Each structure stands twice: as C-alpha cells, then as structure tokens.
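If you're wondering where the values come from, they're calculated on a predicted model, not measured in any experiment. In the text below, chain A, chain B and the rest are named by the order of the sequence lines, each starting its count at 1.
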Protein chains: 4
Amino acid sequence: MAQKTAPDSTRRSERSRRAIYDAALALVGEVGYAKLTIEAIAARAGVGKQTIYRWWSSKGAVLLDAFLDLGEQAARAASENAGRGEIQTEITNSGDLEADLKFVMRATVDEFNDAKYDAPYRALAAEGLLNPELGEEFVEKLLEPQLQLFVKRVRQAQDAGHVLPDVDPRIALELWASPLAQRWLMRSGPLTHAYADKLVEYALYGITPRPAAS
Amino acid sequence: MAQKTAPDSTRRSERSRRAIYDAALALVGEVGYAKLTIEAIAARAGVGKQTIYRWWSSKGAVLLDAFLDLGEQAARAASENAGRGEIQTEITNSGDLEADLKFVMRATVDEFNDAKYDAPYRALAAEGLLNPELGEEFVEKLLEPQLQLFVKRVRQAQDAGHVLPDVDPRIALELWASPLAQRWLMRSGPLTHAYADKLVEYALYGITPRPAAS
Amino acid sequence: MAQKTAPDSTRRSERSRRAIYDAALALVGEVGYAKLTIEAIAARAGVGKQTIYRWWSSKGAVLLDAFLDLGEQAARAASENAGRGEIQTEITNSGDLEADLKFVMRATVDEFNDAKYDAPYRALAAEGLLNPELGEEFVEKLLEPQLQLFVKRVRQAQDAGHVLPDVDPRIALELWASPLAQRWLMRSGPLTHAYADKLVEYALYGITPRPAAS
Amino acid sequence: MAQKTAPDSTRRSERSRRAIYDAALALVGEVGYAKLTIEAIAARAGVGKQTIYRWWSSKGAVLLDAFLDLGEQAARAASENAGRGEIQTEITNSGDLEADLKFVMRATVDEFNDAKYDAPYRALAAEGLLNPELGEEFVEKLLEPQLQLFVKRVRQAQDAGHVLPDVDPRIALELWASPLAQRWLMRSGPLTHAYADKLVEYALYGITPRPAAS
DNA sequence: ATCTAACCGAGACGGTACGTCGCGTCTTCTA
DNA sequence: TAGAAGACGCGACGTACCGTCTCGGTTAGAT
C-alpha cells in the first residue's frame, strides 16, 4: 500500500482530485480506455503528471476511483431527491419476489444502456480481467455490493418460504445477474426488458416441467 | 474493405504464420497481455514486424487467430485419437439432461482452470470488451459455437419433453454458462465442480418450491 | 567487378533501362536525392526491384548512369543539329584565350542555372563526397572530361606563347573552374557572367600590379 | 517560427548535449555519415532519441553543432596555450603576401589531411549540397568565417599597394581557396604543399607572361 | 519449331531505422 | 512546500525501405 514515503494526504489538493476524476471520465468516453493516457488526463485536468502518479498507481486505479466517486455523487443526489435512484441500499420487498427482481433487472438494463456508464464500467471490467489487483478491487467495491442486494432479497424470500431453504442465494442470483452482465459486456445479444424478465422467470421456476399444481 | 492493395495470401509464408502463433501464445503466458508487444512477438518468432502488420491489425487479432488455431489443432488431435477431446461437436445425449449438462460443465471448469488456456482466453475476452470489432469476432468464432452446443442439447430435451416447450434455449443456457464464465473472468468466486452442479440444478428446477409430485 | 554469376547483358531489357533512367531523373527532381528510393524508381519505371539491383549497386550508381546517358543524348542531339551544343569536344580557339575562356565560363554558368541539371548533378557531387568509389567514377566520367577541355586550350595558348611555359595547365584551370563549381554547389555566392569574367581575368593576369609595359 | 511549443532551453541538460556531440563525431568517423543514425548517436550517448529530436531536426544539424563546438573548443584550447592554433582570428601580415598566403594554405592542406576533421567536415559539405537550409548554415558558420580571413589579408595588401586596387578580394581569394577545397572534397588530385604554393603563385601573378621588369 | 534458361514484373520476407507517443522519474520554478 | 510544468532515459509504436528471395510469365538463342 504505502508508497516510498507516502504523501501527506491532509495536504492533498481537493481541486486537483476532482479535476482528475472529471478528466479521466471525459477522456475514457471520448477516446476509449485503450487510448486513455495519464499524460492526457493530466493535461486535461491542468495538473502535473506527478500529481497523478503521487496518488495512483495506474490509469485503471484513477478510473476506478473516478467511477466510484461518480457513483457516490449519484447516490448522494438520489438521496437528496428523497426519491428512488439507481443506486439503492435495498431492493424493495413487496412480497412478490418475481416482480421485485424484474423491476431491478429492468432498471439494470436501462443503466447498462446508458452511455454515461458504459465506457468507464466496461473499461474497468476489462482491466479487471487482466489485472488481478484491480480486478479484486473492482469486484469488492463495485460488483459485489450490487450483488449483495440480491442476496438480501433472496434471503427475505427464503424466510417467507418463497425460495427453497437449501438454495445458496449467492449462487442463485448469478443465474439472472451474470447473463445480463455477460450479454452487455460481450455484446452477445440484445439487452431488453423482455430478456431480463425471462431470466428471472427461468431462474425462479426452472426450465423443466413442473408437476401440475395439486 | 480492401486495405491499401491487400497482400497476396497465396504467397504467404506458412512457416512464419506458425512461428507467430507460437510466439504470441507463449508470450501472453509469460508476460501477460498488457505487456505483450508486436515487437516481442516478431523477435521471438524470428520474423519482421511488417510480416505481422501485413496480416493482422493488432496484437489482439494475432492472438485471436493463434488461439483459434490452437483450438483447431486440439480438435484435430482429439479426432485423430478417436477419443473424446475438450472440443467436441456435440454434447452427449444420454437421455438424462441434468447429468449431461453437469458433465460438460465440470469439463468446462477443468478447462478454465487449465493455465494453457487461461491467459490467451482471458486476454481476448478483455480486449473484446473494449474493441467491438474484435469482440464480435470473439463471440462469433469462440463463444457462440460453444454455446450452440447447449442450444442443441436443450432442443433435444424439449423434443423429449424434458424441457418446457416455450423455453428459449439460447436464453436458458445462459443461466448456467454465464455465471461460470463470469466467476472465472472476474475471479468473483471459486470455480468448483460442486458450483457447476448447483448452477445446473437451480437452472433446471428453479429455486422456488415445487408442488409435491402428484 | 564480377557479381555473383554476372548477369547476361545481351539479354538485358533496353526498355527497362530507359524507364529506370527516366524515373530516376524525374524523381530526384521531384523529391530530392535524400528521399530518392530504389523502390520508388522501380515503381515509377514499372519495373521489378530486382531488375535494378541486378544492374546497379546503389541509387547513386543508377543516377550516375542516368545522368551520363542524359549527357550523351544531349550531345547526340547537339551534333545532329550540327550546331554548338553545351557538350563539346573542344573549346574554340579564336586565338584570344581570354575571350574563349569567358565564353565557355558563361555557358557553364548558364548550365549550372538550368534546373534540369541541378538536382542530379548536385546529388552526384554530394554522394561522391561521401562515397569514394562513386566519387572516383564521378570525377573520371563527368568532371575530368570537362576539365580536360580547358587543359587542351591552355596548352594551345602555351604553344602560342600566350601562357607561361612552366605553368601546369591542369592546375591553372582550377583557378577559374573550381570557384565557379564551389559557388554553385555551396550556394556561397551569386553565379553571374560578370563573376565568371572576373575569375578568368584574375587568373590570367594575376591580382598583383604588373610593371608598366615597356 | 516556433515549432509545436518549443522546448525550454534553460532546462536543457548540458551533460546530454556534450555526450551527443561526442557520440556524433565518434560515430561519423567510425561508420561514415551515410550509416550514421540518430538511434546510434542516442545509444552511444546514453540518451533517449527524443532528447535529440527535441533539439535538432536531423542528423546533419546535430553534426554541424557538434563540429562547431569542436572548433570552439579547439580555439579555446589554442588561446589558452597562448600559442598559434589552427583556428585564428587573423592571418599574419609579414608584409609579404605570397609568403603569408602560402603559410596558411599549407596549414590548410595539413588540416584537410587530418583524419579527425575529414569525416565530419566532408559529411557536412555533402549534406549542405543537398539541403539548402543546412548548406546556408554551413557556409555562414564554417566556410565564410575562414574565407573572411583571406579577405582581410588581401585588403591589407591592397592598402600596401601589393594588390591591384580594383580587385574584389572576396572573389580573388576563391582562386586559391576553392581549388584546394575542391581537390580535397572531390579527391580529384593530390593535396600537397607544392600544389598549394602553385595556386598562390598563379593567382597572385597570373599565368600569362608579364612584361619584363624595367 | 521447340525447348530451356534468363530476364522480367511483382511483391513477401527478415531486417534496420525512422520519427512519435507515452511511460514513470526527476528537477526547476512558482504561489 | 505542494503542485504545474516539462525535460529526461526508455521502450514500443506503426511505417518506409533495404536487399534477398521466390513465384509465374515472357522471351530469346540453342537445339
């Protein structure tokens, strides 16, 4: 963690940090992650290169912090509006698991289709595939928190007897969450509400015939 | 389509092509995709850089062809051995869908854990996330063919009445295939046979309680 | 001299040779000697590269032959016109050495100012400075023949008693020929008829005061 | 004028500049100007290529500066030794023009035959023939200053009545200076003291018979 | 009149160097 | 004294040509 004589973070320039985040997010959208360079971020942010190297170890690390900051800002804005933002701490529990999951999944589809998030999120995912350290941070700080919302909701359903008790919620949620993510990342198929619905249905009820209800 | 007077492929050096494939695969394993350079591939292959640039547009394209060639060679070797190789044209249909899927899924787990395939496959996936052209080729030539094996097997099961007739097989297979791939790529959890089994079971029978069999 | 199994010159394609000369001369004028390439000459001449490498060892050698050929053609054209061309076998001997030298020097000034000859001649001179082999050929085939015309004329003047008998004509001619060439090549001063005249006068009569004629 | 944001010369590395000069001069002697490469200079100097490209536009420009620096160093060394170095600010005026010119001409012959100066000077001359910008700089900074020494001495002789008053010194000096340079550059004849002497004699007194002194 | 050796156009090949871009480090100057 | 500015050594980029090497096709001169 510690660099060579770690910099004094109390003296850190807040103004520079923000400018770097803004520049990184803007540039990754404009030129793509592959052509994103520290030099360009520094130039755009009106910042010396050293100021970036002092606080981050790679362009991926900068972008990850920038994206996390973006999320926090969005969350703060959402909670200020007292409304229901994209980033929530809970999945609604209406008692109808299928409906609740479909709602969240449809919202996720919409989010994935939002250009603002596409470039940086995709870049971080790609970097994470190749770079285990960043990958771990990506999973821990971005991916897993989102998935844990599903874990929580599935546990509630189990308590209510709507999901089999011996089902592992952490694995179960992957049945619908992973296909959606994969389709988006790999562009291996269209991302629609109908698709999201089907994933939920198949996962909840299986694809094999059920005995007729008595 | 044609670049600046496309090269004459009939005069292409087979020897160079093989050497480039070998070098690319070896190097991506040794130094990783991020540090893989065209220059190093050329040097290792004993080839001029231009010979690479003449036939491929990027290191990703080289690696994709190298990996595809690796697959073809493995397939050829497998068919010569008349045995059961990793790359097959069909998923066995024993009549027991669950067993057949588990068998393939466990084999896939083993393959994902094989270091030989890990580095290049992961690299291609990552590159595909950022580079739509290469991503499309990756999906079309590597991913989709594998998934279509599942589509075929699910269709057979539908014909046999073991899978609900209104289920879309292309979507259904994602319930087990995507989570496995995502866990591997994102390193978001352990890849075990038990995990593979659970994915198949959840997907086939759902996670909600079924009425007691009549 | 002999290459590796020297090519059979009787089978040589005259058409290709001409095309190569034309291309070389045209290109040296268009892009300059530094950017003149064998590949470009071959392409412009519609000729395979090997056809050039078969008969010449460098771009300088090609250009030298091309320029010599240009001279021969000009000479042939001049003699056909039965008139007085730039390339002559003799300097006129009118009995007046000063007048005859000035005439030739003025013609040389005009030739040096002719764009057609400038680029290739300058290129050959420059190449000759660095490449002793080509330099020797340049001197022997281009420079010395021109200078020998002066030697001949000065000898005639010596025989007539117009030049001191112990003067070395080969050295004497350099007094006017070298300054002219140097000014042109180095662009170290303007090239005019007046300048040429002065060189001849200074060389013939010296720059120091002469005793009054008796 | 300014290139793309001209570099800040106050922060220039003196150490690198010297190393580049040394490397350039050494290499031009070892491999010749044609095979002199920026890459080799950088490698030999232990310097990045960019550091060369930042301050010079071509290998010729580097070599010119290196050679000028060499001259300055020699001049500085000479003046420290309080002795008579090769590079002087004046041609001695002993009252005997012929003797003084011969002295300088013989020294020049020796210098031309000094291997240390041969390669770079010849290279710069050749480059100057092809490249007008560099040629101009070559003439202005190297050639002309040397020739002006002759101009000065001839003027003194004119004042003393030893040279005709209507003679143009700038032209007169070429009668002996240019032939020497040309013989050296073109290797069109041997460079000896005797040859130098004859040039001076011919130029001073002409090659035509003088009336007998009264 | 046919054969056959070569020259020919074409251009792929292993290389070298080009001039540029960006890396991560280091230094200098400024607020 | 942190930060902007940017020069530095370095490494790779993608391109241009080098000179060598096949590869058909044409085109003699000898059979």
Closest non-hydrogen atom pair between D/Gly60 and D/Leu124, with its separation: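 Where D/Gly60 meets D/Leu124 most closely, the heavy atoms are O-CD2, 3.7 Å.
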Could you report the tightest heavy-atom contact between B/Ala123 and A/Leu130, atom names first, then the distance?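 Closest pair (atom of B/Ala123, atom of A/Leu130, distance): CA-CD2, 3.7 Å.
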D/Asp69 vs D/Arg18 side-chain heavy atoms within contact, under 4.5 Å: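 In short, these two side chains touch, coming nearer than 4.5 Å.
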Should B/Trp56 and B/Ile38 count as side-chain neighbours, where that means a heavy-atom distance under 4.5 Å?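 No, every pair of side-chain atoms sits at 4.5 Å or beyond.
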Between [atom2] on [N] and [atom1] on [X], what's the gap in Å once rounded to a whole number?
X: D/Ile20; N: F/dA7; atom1: CD1; atom2: C1'; value: 12 Å
X: B/Gln50; N: F/dA16; atom1: CD; atom2: C1'; value: 8 Å
X: B/Arg18; N: E/dC13; atom1: CZ; atom2: P; value: 15 Å
X: C/Ile52; N: F/dC17; atom1: CD1; atom2: P; value: 13 Å

Any side chain to side chain donor-acceptor pair (under 3.5 Å) pairs touching residues 22-41 of chain D, not counting sequence neighbours?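 Every pair satisfying side chain to side chain donor-acceptor pair (under 3.5 Å) with a residue in residues 22-41 of chain D: D/Glu30-D/Arg44, D/Tyr33-D/Glu127, D/Glu39-D/Lys49.
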Should the side chain of D/Lys49 and the base of F/dG9 be counted as holding a donor-acceptor pair, with the cut-off at 3.5 Å?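 When only heavy-atom distances are counted, D/Lys49 does not reach the base of F/dG9 through any donor-acceptor pair under 3.5 Å.
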When rounded to the nearest 0.5 angstrom, what is the spacing between CD in D/Glu137 and CG in D/Leu64? 5.0 Å
Most 5' of C/Gly46 and B/Gly46 on DNA chain E, judged by nearest nucleotide: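 It is C/Gly46, whose closest nucleotide lies nearer the 5' terminus.
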Look at the side chain of A/Tyr53 and decide which nucleotide, out of E/dT20, F/dA4, E/dC23, has an atom nearest to it. E/dC23
Are D/Arg17 and D/Trp55 in a cation-pi setup, meaning NZ or CZ lies under 6.0 angstrom from the ring centre and within 45 degrees of the ring axis? no
Give the residues of residues 22-43 of chain D touching DNA chain E, defined as any heavy atom closer than 4.0 Å, sorted by residue number.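 Output list: D/Thr37, D/Ile38, D/Glu39.
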Residues D/Tyr21, D/Asp65; criterion side chain to side chain contact (heavy atoms under 4.5 Å, CB included); working and verdict: CA-CA 8 Å; D/Tyr21 287 164; D/Asp65 280 1; 3.6 Å; yes
Hey, can you pull the residues of residues 9-17 of chain D with a non-hydrogen atom under 4.0 angstrom from DNA chain F?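 Heavy-atom cutoff 4.0 Å gives D/Arg11, D/Arg12, D/Ser13, D/Ser16.
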Under 4.0 Å from OP1 or OP2 of F/dA2: is there any side-chain N or O of A/Arg54 that close?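 No.
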Compare side-chain N and O positions of D/Trp55 against OP1 and OP2 of F/dC8 and report whether any pair is under 4.0 Å apart.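 Indeed, a polar side-chain atom of D/Trp55 lies that close.
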Just one of D/Val47, D/Val28, D/Leu36 clears the side-chain contact (heavy atoms from CB on, under 4.5 Å) bar with D/Ile41, so which one?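 Only match with D/Ile41 under side-chain contact (heavy atoms from CB on, under 4.5 Å): D/Leu36.
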